[in-house]
There are 2 protein chains.
Amino acid sequence: MSELDQFDLKILRELAADGRLSGRELAERIGLSLTPTVRRVRRLEEEQYIQGYGAQLNEQQLVGSISVFVSVTLEKQSESVIARFEGTVTKCPEVMSCFLMSGDADYNLRVVVKDLESYHHFLTRTLTRIPGVAHIKSSFALKTVLIRPAPLL
Amino acid sequence: MSELDQFDLKILRELAADGRLSGRELAERIGLSLTPTVRRVRRLEEEQYIQGYGAQLNEQQLVGSISVFVSVTLEKQSESVIARFEGTVTKCPEVMSCFLMSGDADYNLRVVVKDLESYHHFLTRTLTRIPGVAHIKSSFALKTVLIRPAPLL
DNA sequence: ACTGAAAATAAATCGCA
DNA sequence: TGCGATTTATTTTCAGT
């Protein structure tokens, strides 16, 4: 996997800000002609620096305005419990992110719901029903200060 | 702001998965002809259901593989302290998200760095130097189970 | 409101310097 | 690598249902 030069970084910055830029426009912005620009983009895609392109949807407007950070502790960290837990939360549309944490070997989820009732529903119908879940702690966000769709280069 | 029908939801799903779909291809996939499809996309953009389009960059490959959840407590929640804190973290490229939390009225950040040294640097050079920061607690992620680029509809 | 077609633009591709 | 012409898509517009 080759190193990235200044042109590559410019390409990534431009495409992160506008994923629908045409080759011509992109070439103009980074100051390179069309052919090498397109070639570089292909390489960045192949080497997975660019994983895909997507519309940025309004999370609040579409799914709800409440973000809840949920800390989940499992009773035991057996393979099957872990696999089932991760598989289940990945399928839940409410779950926007999930990390396995150090320390007590628990999970940190961010769940987005439209109101407290929906959250309660998610908690009782989904989360607590996953086998091996020992403890759940919920922390509510009052305000979203920042969510970056892509890392800043 | 009008309600979304099944076609609108299909459009959002398709564009979330591939933001560079052409009108023709999108129309084909949702089962509507070109003209109304394009009109609907414009409307979804205008009404901010679609906030933009972006390349999905590989966070791990580009900025680092360590995600740290940082809980920050402020000494007092005065306007100026809050404004300065939020302004500063928004400018940090390491900070991927920031939420104002209920409870102790502190912040929950996700910071991505390439190694522990970088994290230490961020902590001492940036975070602890913001006026009004009283307490910082760091929790490290061992594994990223899931980060959804867009909400699931 | 949606369809279908036609016209005008723009983009990807490929040979060549 | 970079340039430019050809081929191919894509967007826009308009008349019709």
Side-chain angles (χ1 to χ4, degrees), chain A residues 1-64 93 114 148-153, chain B residues 1-59 61-63 148-153:
Chain A
M1 202 143 287
S2 43
E3 273 310 295
L4 302 178
D5 65 15
Q6 281 309 112
F7 287 119
D8 293 318
L9 289 177
K10 272 189 187 172
I11 288 173
L12 293 175
R13 272 192 286 262
E14 292 294 340
L15 286 181
D18 183 358
R20 288 198 316 189
L21 281 178
S22 68
R24 187 190 53 75
E25 171 100 36
L26 181 62
E28 206 167 89
R29 294 201 191 181
I30 69 166
L32 214 58
S33 70
L34 183 59
T35 316
T37 303
V38 172
R39 261 204 293 267
R40 280 165 183 266
V41 173
R42 299 281 166 271
R43 205 199 89 217
L44 292 168
E45 288 166 355
E46 273 161 23
E47 294 182 356
Q48 290 285 299
Y49 290 103
I50 296 173
Q51 298 184 313
Y53 300 86
Q56 288 150 3
L57 305 187
N58 192 327
E59 186 179 298
Q60 299 210 162
Q61 220 172 139
L62 287 165
V63 302
K114 71 174 209 288
R148 247 189 247 296
L152 227 54
L153 306 171
Chain B
M1 201 142 288
S2 43
E3 273 310 295
L4 303 178
D5 65 15
Q6 281 307 113
F7 286 119
D8 293 318
L9 289 177
K10 273 189 187 170
I11 288 173
L12 293 174
R13 271 192 286 261
E14 291 294 340
L15 287 181
D18 184 357
R20 288 199 317 189
L21 281 178
S22 69
R24 186 192 55 74
E25 172 100 36
L26 181 62
E28 204 167 274
R29 294 200 192 180
I30 69 166
L32 211 58
S33 71
L34 185 57
T35 316
T37 302
V38 172
R39 246 207 320 264
R40 280 164 183 267
V41 172
R42 300 281 166 269
R43 204 199 89 218
L44 292 168
E45 288 166 355
E46 274 161 24
E47 295 182 357
Q48 290 285 298
Y49 289 104
I50 297 173
Q51 299 184 314
Y53 299 87
Q56 289 152 2
L57 305 187
N58 191 326
E59 186 179 298
Q61 219 171 139
L62 287 165
V63 303
R148 248 190 247 295
L152 227 54
L153 304 172

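The minimum heavy-atom distance linking Y53(B) with L15(B) is given by the pair OH-CD1, 3.8 Å.
For the pair E14(B) and K10(B), the salt-bridge criterion is not met [side-chain N within less than 4.0 Å of a carboxylate O].
For the pair R29(B)/L21(B), a side-chain contact is recorded, criterion being any heavy-atom separation below 4.5 Å from C-beta on. For the pair L153(B) and L57(A), the minimum side-chain heavy-atom distance is below 4.5 Å.
Residue R39(B) places at least one side-chain N or O closer than 4.0 Å to OP1 or OP2 of dC2(C). Regarding contacts with the backbone of dG4(C), every side-chain N or O of S33(B) stays at 4.0 angstrom or more from both OP1 and OP2.
The nearest whole Å value for the distance from the CZ atom in F7(A) to the C1' atom in dT1(D) is 12 Å. Look at CD on Q6(B): it is 14 Å from P on dC2(C), rounded to the nearest Å. In this structure, CG of L26(A) is placed 14 Å from P of dG2(D), rounded to the nearest angstrom. Regarding L32(A), its CG atom lies at a distance of 9 Å from the C1' atom of dG2(D), rounded to whole Å.
Contact annotation for R20(B): no contact, since no heavy-atom pair falls under 4.0 Å across all strands.
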Legend entry - Footprint string (nucleotides 5-17 of chain D, 5' to 3'): B base within contact, S backbone only, - free, heavy atoms under 4.0 Å: -----SBBB----
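Looking at R42(B), R39(B), R40(B) one by one, the single match for salt bridge (charged side-chain N to carboxylate O under 4.0 Å, His left out) with D8(B) turns out to be R40(B). Partner R43(B) forms a salt bridge (charged side-chain N to carboxylate O under 4.0 Å, His left out) with one of E46(B), E45(B), E47(B) and no other, that one being E47(B).
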